[in-house]
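Note on naming: letters A, B, ... go to the chains in the order of the sequence lines (proteins, then strands), and numbering restarts at 1 for each one.
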4 protein chains.
Amino acid sequence: MSGTGTARGRIDKRQAILDAAFTVFAREGYAQAGVDVIAAEAGVAKATVYSHYGDKESLFRETVSASADRALAENLAVVERLTGAGEDLRATLETVGSKLLECYCADRSWALRRLLAAETGQFPDLLDVIHTRAADRVAEALADRLARLTVSGHLRTADPLLAADQFFALLSGPADKRARLGTRRTPDAELRAIAEAAVDTFLKAFGAQG
Amino acid sequence: MSGTGTARGRIDKRQAILDAAFTVFAREGYAQAGVDVIAAEAGVAKATVYSHYGDKESLFRETVSASADRALAENLAVVERLTGAGEDLRATLETVGSKLLECYCADRSWALRRLLAAETGQFPDLLDVIHTRAADRVAEALADRLARLTVSGHLRTADPLLAADQFFALLSGPADKRARLGTRRTPDAELRAIAEAAVDTFLKAFGAQG
Amino acid sequence: MSGTGTARGRIDKRQAILDAAFTVFAREGYAQAGVDVIAAEAGVAKATVYSHYGDKESLFRETVSASADRALAENLAVVERLTGAGEDLRATLETVGSKLLECYCADRSWALRRLLAAETGQFPDLLDVIHTRAADRVAEALADRLARLTVSGHLRTADPLLAADQFFALLSGPADKRARLGTRRTPDAELRAIAEAAVDTFLKAFGAQG
Amino acid sequence: MSGTGTARGRIDKRQAILDAAFTVFAREGYAQAGVDVIAAEAGVAKATVYSHYGDKESLFRETVSASADRALAENLAVVERLTGAGEDLRATLETVGSKLLECYCADRSWALRRLLAAETGQFPDLLDVIHTRAADRVAEALADRLARLTVSGHLRTADPLLAADQFFALLSGPADKRARLGTRRTPDAELRAIAEAAVDTFLKAFGAQG
DNA sequence: CATGAATGAGAATTCATTCAT
DNA sequence: GATGAATGAATTCTCATTCAT
């Protein structure tokens, strides 16, 4: 087992650097973030960061990618909940809506979105990667569920992808307004209220019994 | 009128610097933007930028403020159009929605939003200023109009401000998805389609004849 | 008399600039002193300073020269007092010594000496000018008086210039130590004590009745 | 001994920077001295200067402190020579006086004094440090010796510290006059003459057989 | 003549990156 | 493989000086 500690150590160091990088990039932005600072936050020497990730730009890409993968997983897990079943559609949508909002409003999510917005000019490819690999897939997954609910007669959506976008918009739009780009943490109760209002509007528009 | 050329010159220089600053900040971000580059873009010497605006930070603040003021004015002008009249409410909403989306998707608007997102950490006060001075006022103005339309029996909104937020969300949310943080210009026709879909959903939920 | 005010004005302005320059140069040193600051202190525009004195270096030279001339005049006036007469030689020497020390320890004198020390490297000629035009002439004048006192039998100085230098050294050396390069103002009483001690030693060495 | 070259290298670099800094500060003054120039003189990169000393001000302080420590050591070593013994007091005093003058007139000493005079306004604390840590201690040491010589009957000094100050003044005062703030190197022979004259006057005033 | 504005050259300081150990 | 030290390139800001009015 003597080597395990070291092997772990190496992996842990990689991860520690990635975590530190996210923290620092999120706090200071790409350009302002110092590699020294990241190294210090990770508890390693600056040169170690370089030996692991090559240069600042690569480190940034990997940091953002890892963060996006994580966000994707969280969001998909929530959407999965939207099974066709649910005796009470409204309650189910409200729960899913709330959970989506919680993901959306998590500190890490805001940090990631701010980072993307900030560095779109310098790293245009990151946006594509993340949209195609994460955001769009969540929307598609959501559209799938809405389509099934339409087929099963619980909803009436002519264009499920549009409906999914609008559902998400009804959630995120009002939440955006309160969150001030993530600088204010919105209480869960408020998120819940936003979700209920969103579902209410959504069902008025797309509910089967309209 | 003697001396007008020169007097204008001073003012023009201030304005040229501000325009150049917006261009460069928008393209490169606050930290990456070089004052040299801004000066060159404005056609003045670096020191002139400093003599006018003191330091880079102040220049940034003034640039952002001016840009926000301009955006506010444009948005309010659009909302004004939503007069209670309109024989055809749907058509009116669609027009207003389209125009709002055009403002929202203008290059300058995206640039401003990206800049705000990017620099929220370094300039937290800018967000407050802009939200209270611009964004919230547009929402309030929109809510006012919706309230009047409710009073006049054209709409049924229990909470006009919420309805306004949702209306705006139904517009901006789907547009966001296509615009990729402003890196893709969405054709006006597509914006129009988004607006029509938004109005459709909105009227299903809040229309008087529902 | 209408023109007088203006003519005065011009001269006053030159003088105001010179005074301001001395103040600022003395406070901040040549390199650190900003022409803006001097102009502000003088209550004129920066360009006015240039139109009067050409450039910073010339202004510095004139400032230092003027200050040195003034110091020379003050010192010579004191040495004049050392008339051959004086029933009480000791008392006369003590008075002259005190007065010399007061000149020596005046704020302006210290400021001038600090300035000279500071800028000797950049303005080597200033030193020569001042030494030959001021310091040496004071020493010579003092030596003259001591020579006369020797001829009249009041003193025994083999080399009056050496005696003058030593007399001055006995005054300024101990004062230097207390003044900390002019950062501490030494009370007149203390200066008097230094002068008395200096005269005491001087008379023991050069007094006629030894 | 492996690695000595490198380990030495680091220390040597620190020292090389300090030496270069003294040279350049002495030649150009604090404000005019460019860190580039210091770095070039030391044969290192500008950033290396910063990584060792933080900023220009700290570098200046350390440079001056080091120089003052060195001057103190040299002066004390000379004063030590003034042992009570000495069959020939006059010769001993002349030797000590000469040596003190040589220290006093060394290029480094003048440079240090000019630097202190120049930057007293910006760095008032340096003066205090140097006076209490160096100059005063030399004076005290000298006073100690004179006191012993008084006790042993070789001198008559009522106030040994005053006598020490006057002794030093008789040396440095006339030397000051010739050295023109260190811009002229005074030949040792002349210094010797000054010392002899100083001792002559001093012994007339304080000699035991007077 | 006095001025406000404009500027070019320069100076301190920082930081991503590389090397020797 | 991890590190401390060294560096070159960039960047913000200053200031003496000059013009047009």
- In whole Å, what is the span from the CZ atom of C:Arg14 to the P atom of E:dA2? 10 Å

- Item | Secondary-structure notation, DNA chain F, from Watson-Crick and G-U pairs under 3.5 angstrom (| other strand) | .||||||||||||||||||||

- Message: Under 4.0 Å, counting only non-hydrogen atoms across every strand here, what does C:Thr48 touch: a base, just sugar-phosphate, or nothing?
- Response: base

- Please identify each residue that fulfils salt bridge (charged side-chain N to carboxylate O under 4.0 Å, His left out) with B:Arg180, with sequence neighbours left out. A:Asp128, A:Asp136

- Hits for salt bridge (charged side-chain N to carboxylate O under 4.0 Å, His left out) against D:Glu41, two or more places apart or cross-chain, chain-then-number order -> D:Arg27

- Item | Pairs where residues 28-40 of chain B contributes a residue and the test side-chain hydrogen bond (donor to acceptor under 3.5 Å, both in side chains) is met, not counting sequence neighbours | none

- Between P of E:dA11 and CG of D:Leu59, the distance in whole Å: 16 Å

- For C:Arg108, which residues count as a salt bridge (charged side-chain N to carboxylate O under 4.0 Å, His left out) partner, sequence neighbours excluded? none

- Task: Decide side chain to side chain contact (heavy atoms under 4.5 Å, CB included) for B:Leu18 and B:Tyr53; before the verdict, give the C-alpha distance in whole Å, the side-chain angles of both, and the deciding distance to 0.1 Å.
- Result: CA-CA 9 Å; B:Leu18 223 47; B:Tyr53 291 97; 3.5 Å; yes

- Message: The test is side chain to side chain contact (heavy atoms under 4.5 Å, CB included); show your working for D:Asp69 and D:Arg133 and say whether it passes.
- Response: CA-CA 8 Å; D:Asp69 286 346; D:Arg133 247 182 32 200; 2.9 Å; yes

Pairs under 3.5 Å (N/O, protein and nucleotides 14-18 of chain F):
from	atom 1	to	atom 2	distance (Å)
F:dA16	OP1	C:Ala33	O	3.1
F:dA16	OP1	C:Lys56	NZ	3.0
F:dA16	OP2	C:Val35	N	2.9
F:dT17	OP2	C:Tyr50	OH	3.1
F:dT17	OP2	C:Lys56	N	2.9
F:dT17	O4	C:Lys46	NZ	2.8

- Query: Mind checking whether A:Phe60 and A:Phe25 have parallel, tilted or perpendicular rings, split at 30° and 60°?
  - Reply: perpendicular

- Task: Indicate whether OP1 or OP2 belonging to F:dA2 is found under 4.0 Å from a side-chain N or O atom of A:His52.
- Result: yes

- To the nearest Å, how far apart are B:Phe60 CZ and F:dC13 P? 14 Å

- Item | Distance in angstrom units between A:Tyr53 OH and E:dA16 C1', rounded | 18 Å

- Query: So, is A:Ser51 close to the F:dA2 phosphate, meaning a side-chain N or O under 4.0 Å from OP1 or OP2?
  - Reply: yes

- Query: Taking B:Ser65 for the side chain and B:Glu62 for the main chain, is one N or O donor matched with an acceptor at less than 3.5 Å?
  - Reply: no

